[in-house]
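Here is the structure we will look at.
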Amino acid sequence: MSDFFELFTSTNFYVTLISLATPIIFAALAALISNKAGVINISIEGTMLISALVGAIFSTLLASAYFGIFMAMLAGVVVGLIFGLSVIILKTNPILVGIALNILATGLVVFIIYSLTGTKSDYSSVSLEPLTIPLLNKIPLLGDIFFNELNILVYLALLMVFLMSFFLKKTVLGIRIRSVGQNNEATDSVGIPSQKVKVIALMIAGGLAGLGGAYMSIGYMSSFNTGMIAGRGFIGLAAEAIGGGIPYLTAIFALVFGMVNAFSLTAQTIPSIEIPYELLNTLPYVVTVIGLVVFAVIKKKRHKKYK
């Protein structure tokens, strides 16, 4: 029992929590801006996977983690553009396009890796170094968690939560994205090109998903692996749904899923917790399903109450 208590009081647990929540935050924000534009975007998982590989490849080509991050984000924007053109311009079903892109990403990354290395799963990358912020890293507990072992992508993810809220409420493009998501016919009638705005929103979503993929292969690990995204794009979708499209709540639920993921990993190192690691590894996905069920039940009860 003491080992279990020490788990939740160690700085390592909270550093792991924030690190594992970071790609989910990026994915959740990508889902958020897609939904604000009125489009269901399940291609985030595949976008993260492709971007993770692109980031790893270009980080090694130029020996620069930052260039790899930029190229990963650009790759995400391109995938977002493809998704947007297919759904908005060609009027294809967004669910079917999302499934197709996810399947394409799974096979495409294997093909690219095999073409470059002759193997089918791994590709090394240049990793980001953690930042140490002088003075702030001396703050008891908080200094060790936030200002000693995290890299710039973690800070960017947290910053993006605030920027997303500002963007959607205070900028012309953000307000237009919300408007076309609510009623694109009304926006068309006042001269706002709803199709163009939606495609731009999906490109932004792709860029955010690309940053999430870059974090996995460059910020969290120092290599790409074909299974490294492991459903984080879908967990991000769940976090956005439970957060109700509010950036702050979305980030909080992303942190909750990150906490469950951190527990499932760190609990495997505690001898007193005699739970098979295979079962512990399923916890993030089980909690995601439970969270969505609870959210659906609460939403249904509220709907009946105000009906």
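Only this structure's heavy atoms are used, side chains among them; waters, hydrogens and symmetry mates stay out. Predicted model, so just to flag it, every value in this text is computed and none were measured.
Hydrophobic clustering of Ile, Leu, Val, Met, Phe, Trp and Tyr side chains at less than 4.5 Å, counting indirect connections, keeps L96 apart from L90. Residue F234 is not grouped with residue V256 when hydrophobic side chains (ILVMFWY) are merged at heavy-atom distances under 4.5 angstrom, including chains of intermediate members. No single ILVMFWY cluster, assembled from side-chain heavy atoms under 4.5 Å apart, contains both V126 and M221. The hydrophobic clustering, which links ILVMFWY residues whose side-chain heavy atoms are closer than 4.5 Å, places F166 and M160 apart. Both I204 and L163 belong to a common hydrophobic cluster when Ile, Leu, Val, Met, Phe, Trp and Tyr are linked at side-chain heavy-atom distances under 4.5 angstrom.
Under the 3.5 Å distance criterion, with hydrogens and angles disregarded, a donor-acceptor pair is assigned to the side chains of N35 and E240. A donor atom on one side chain and an acceptor atom on the other are found under 3.5 Å apart for D188 and S194.
Side-chain contact check for L173 versus I200: some heavy-atom pair is nearer than 4.5 Å. Proximity of M48 to P23: side-chain heavy atoms (C-beta onward) are separated by under 4.5 Å at one or more points. In this structure, the side chains of Y14 and D144 stay at 4.5 Å or more apart for every pair of heavy atoms. Within the 4.5 Å cutoff, the side chain of I139 has no heavy atoms near those of the F146 side chain. Counting heavy atoms from C-beta outward, L131 and L150 have side chains that stay 4.5 Å or more apart. In this structure, F263 and L17 have side chains that are not in contact, with every pair of non-hydrogen atoms separated by 4.5 Å or more. L208 is listed as a side-chain neighbour of M164, based on a closest heavy-atom distance under 4.5 Å. Side-chain contact check for F257 versus I242: some heavy-atom pair is nearer than 4.5 Å.
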- Message: side-chain contact (heavy atoms from CB on, under 4.5 Å), that's the test. Do L49 and T226 meet it? Break it down for me.
- Response: CA-CA 8 Å; L49 185 62; T226 53; 5.5 Å; no
- Audit row: I42, L101, side-chain contact (heavy atoms from CB on, under 4.5 Å) steps and yes/no: CA-CA 9 Å; I42 66 168; L101 285 175; over 6 Å; no
- Can F26 and T22 be said to form a side-chain contact (heavy atoms from CB on, under 4.5 Å), step by step? CA-CA 7 Å; F26 280 124; T22 296; 3.8 Å; yes
- Going through the distances and angles, do S34 and L202 end up as a side-chain contact (heavy atoms from CB on, under 4.5 Å)? CA-CA 6 Å; S34 298; L202 293 173; 3.6 Å; yes
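Nearest approach of A214 to A72, heavy atoms of both residues: CB-CB, 3.5 Å. Here the closest heavy-atom approach between residue T47 and residue G210 is recorded as CG2-N, 4.4 Å. Of all heavy-atom pairs spanning I229 and G233, the tightest one is CG2-N, 4.2 Å. Among all heavy-atom pairs drawn from I218 and A56, the shortest one is CD1-N, 4.3 Å.
Every side-chain contact (heavy atoms from CB on, under 4.5 Å) that I133 has, sequence neighbours left out, goes to L136, F147, Y155. Scanning for side-chain contact (heavy atoms from CB on, under 4.5 Å) contacts around S64 gives Y66, F67, with sequence neighbours left out.
Between the side chain of R178 and the main chain of L168, a donor-acceptor pair closer than 3.5 Å is present. Within the 3.5 Å criterion, the main-chain N or O of N225 finds no donor-acceptor partner in the side chain of D122.
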For a quick test of your reading: what N or O donor-acceptor pairs under 3.5 Å do the side chains of residues 284-298 make, sequence neighbours left out?
residue, atom, partner, partner atom, Å
Y285, OH, A230, O, 2.7
T288, OG1, P284, O, 2.6

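More than 12 heavy-atom neighbours from other residues, nucleotides or ligands sit within 6.0 angstrom of CG on L283. The environment of I152 atom CD1 is sparse: at most 12 non-hydrogen atoms of other residues, nucleotides or ligands sit within 6.0 angstrom.
Applying the ring pair (Phe, Tyr, Trp, His ring centres under 6.0 Å) rule to pairs touching residues 102-130 yields nothing, sequence neighbours excluded. Residue pairs meeting the side-chain hydrogen bond (donor to acceptor under 3.5 Å, both in side chains) criterion with at least one member in residues 197-222, sequence neighbours excluded, do not occur. Sorted by first and then second residue, the side-chain hydrogen bond (donor to acceptor under 3.5 Å, both in side chains) pairs with a member in residues 162-176 read S165-Y248; sequence neighbours excluded.
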